[in-house]
Amino acid sequence: MTDIVREMLISHDAHETRVAILEDRRLVELYIERPKRSVVGNVYLGKVRDVLPGMQAAFVDIGLDKNGFLYVDEIVAPEGVSDVPRRDIQSLLKPGQQIMVQVLKDAMGTKGARVTTEITLPGRFLVLMPFSAFVGISRKLPDDERDRLHDIVAPLVDERLGVIVRTAAAGASRRDLENDLEFLLRLWRRVQHQAHEALAPEVVYTEMDLALRMVRDAFSEAYKRLIVDDKRLHEKVVSFLKKTSPELVKRVVLHKDRTPLFEAFSLRPQIETAILRKVPLPSGGHLTIDKAEALTAVDVNTGSYVGRKNLEDTILRTNLEAAEEAVRQLRLRDIGGIIVIDFIDMENPNHRTEVSKRLSSALERDRTKTRASEISRLGLVEMTRKNVTDGLYGVLTEPCPVCHGEGRVLSDATRRIAAERRIREILLSGRSAAYLLGLHPETYALVTAPGNNAVPILKAETGKQITLMADPDCAATEVKVIIEGRGGVAGT
């Protein structure tokens, strides 16, 4: 298998910043930041509002619309309270107490941001953990490189501090690691000073913007190039890399063509598929992706693909394509939480093994932490994927005002019956002899359709005059009384 060619594209304008990661010219990850940006990684001096012993959690005011949610296991015990029995939240926090917290996950729906007191400050090669006394090395690195990095970093770290060596540190020199650690220590001292001077609730550290964050966390020797279409942002990225990874500066390119950057790489059609329920597969099969409150379900279908040999070969090829595309869609949409992939049933255990290997291979390229089960006899794979934001779907879409996110609307028959029933109730319960009633324009068309006009029947049943009109302000099945009187209203 040939090496994958990775590229990173950063597009910036007055409305948003977009960062795309491509593998062999295919879009696999897309991140968008708008003026109302993510607060993940920000550190706040907050004030405890409520302590809930029944949930072993607390709500912390950090100055956002909703209070942050702090679970007991995310609390670093302060000095003198290290041996709290059963990690009792009431022994750790009190209402009104000021604490420093960091956002782990943005607010989603009705839930506030998830926060922790275990502060982590990421650098290019290292992550500083001021409240944890240990040195950890990325497990994605080979054993000999992990040993080398541990031998360099361990003597540099104060025994009261913790450090995690990132995957990006592969091949880094002692000088690179020392400089990164010194930068993080200076940053931590600045955060502590800000917290000391602040009045809760107040932000004391703001995470880098999306472009620099992606350069810091993802851009490496594994990438062929990084293309930026904004001159000022290009200079900013180059300046950052000169301080952290000067050997990568030559891979940064300023896009000068008149054709917009994302259009030059034909990304628009790929982005559009990221919000579709149905995703086509190369051979004619397709995936359907349904996001529910508790989990995301990915269903695999052969669709129009009928194969060339036999049913088992058709199923195998479809499932192999689906394994690759399902992981790509999870990365592209940044779907997290519990995920169930329903592959087409495979009788041959060797075929299940083959699909499982393809799925594992695809997951290895995912930077986000995932855990996946083996494929069951029914073709199901259960997996979890860490998420910290609403994902691309949450950024690009909003709930439908008609179905309110359910994905279904009332049928024409249901709307017509409901409207007629409501009109009848108004006429029979009212004391007036004539009514002018408003209906949603589509419902009005259903109720007054030629050959199926309900008005004459309602007049005959109730003995009252009735006129209907289309009112765009009405809901689908709403009937609004606009005028009522003694009579003489012209019928519809």
Side-chain angles (χ1 to χ4, degrees), residues 40-45 74-80 82 99-104 116-197 204-209 212-223 236-251 367-369 386:
V40 171
N42 287 5
V43 179
Y44 296 84
L45 181 67
E74 296 289 353
I75 300 173
V76 178
E79 289 185 41
S82 57
I99 55 172
M100 192 191 301
V101 296
Q102 186 171 35
V103 177
L104 291 173
T116 177
T117 64
E118 179 69 274
I119 309 299
T120 58
L121 299 176
R124 174 67 176 163
F125 305 116
L126 307 172
V127 177
L128 180 66
M129 304 178 70
F131 301 123
S132 300
F134 76 97
V135 174
I137 313 291
S138 169
R139 294 186 179 276
K140 292 187 177 181
L141 296 171
D143 290 343
D144 55 346
E145 180 65 1
R146 295 181 76 224
D147 293 339
R148 183 186 77 87
L149 292 169
H150 186 275
D151 291 342
I152 293 174
V153 173
L156 302 176
V157 182
D158 187 296
E159 62 181 12
R160 295 168 298 178
L161 300 175
V163 164
I164 295 175
V165 182
R166 310 181 70 167
T167 308
S173 67
R174 181 185 182 90
R175 181 68 178 273
D176 291 334
L177 297 168
E178 286 178 339
N179 289 344
D180 206 37
L181 180 58
E182 182 56 36
F183 162 75
L184 291 173
L185 291 173
R186 287 199 306 270
L187 177 59
W188 173 235
R189 288 193 289 268
R190 191 157 65 243
V191 171
Q192 287 179 302
H193 176 73
Q194 286 284 103
H196 181 72
E197 299 292 325
V204 294
Y205 166 74
T206 303
E207 176 64 301
M208 291 179 174
D209 59 32
L212 288 186
R213 196 163 68 244
M214 289 299 296
V215 171
R216 180 194 68 195
D217 294 346
F219 190 57
S220 66
E221 295 282 354
Y223 285 78
K236 198 174 175 181
V237 169
V238 168
S239 175
F240 175 76
L241 287 174
K242 281 181 177 178
K243 298 173 186 175
T244 58
S245 300
E247 71 281 359
L248 295 176
V249 171
K250 62 181 180 293
R251 302 190 184 208
R367 295 184 303 113
T368 301
K369 184 177 180 181
K386 184 178 180 181

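Quick caveat, the model's predicted, so the values are computed rather than measured. Heavy atoms only: backbone and side chains are in, while hydrogens, waters and symmetry mates are out.
- Note on K236 versus D209: salt bridge recorded, some NZ/NE/NH1/NH2 to OD/OE distance being below 4.0 Å.
- Looking at heavy atoms from C-beta onward, W188 lies in side-chain contact with I119 at the 4.5 angstrom threshold.
- With respect to K243 and E182, no salt bridge is recorded, no charged nitrogen being found less than 4.0 Å from a carboxylate O.
- Between F125 and D180, the shortest heavy-atom contact is N-OD2, 2.8 Å.
- One N or O on the side chain of T116 and one on the backbone of E74 form a donor-acceptor pair closer than 3.5 Å.
- E207 contributes no side-chain N or O that, together with a main-chain N or O of V40, makes up a donor-acceptor pair within less than 3.5 Å.
- Here the CD-OG distance, from E178 to S173, works out to 8.5 Å after rounding to the nearest 0.5 Å.
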Under the side chain to side chain contact (heavy atoms under 4.5 Å, CB included) rule, what do F134 and V157 come out as? Steps first, then yes or no, please.
CA-CA 9 Å; F134 76 97; V157 182; over 6 Å; no
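- If you run salt bridge (Lys or Arg N to Asp or Glu O under 4.0 Å) between D217 and each of R367, R124, R166, only R166 comes through.
- For the atom pair CD1 of I75 and CD of E118, the computed distance is 12.0 Å after rounding to the nearest 0.5 Å.
- Side chain of Q102 to backbone of T120: a donor-acceptor contact under 3.5 angstrom is found.
- Side-chain polar atoms of E221 and Y223 form no donor-acceptor pair below 3.5 angstrom.
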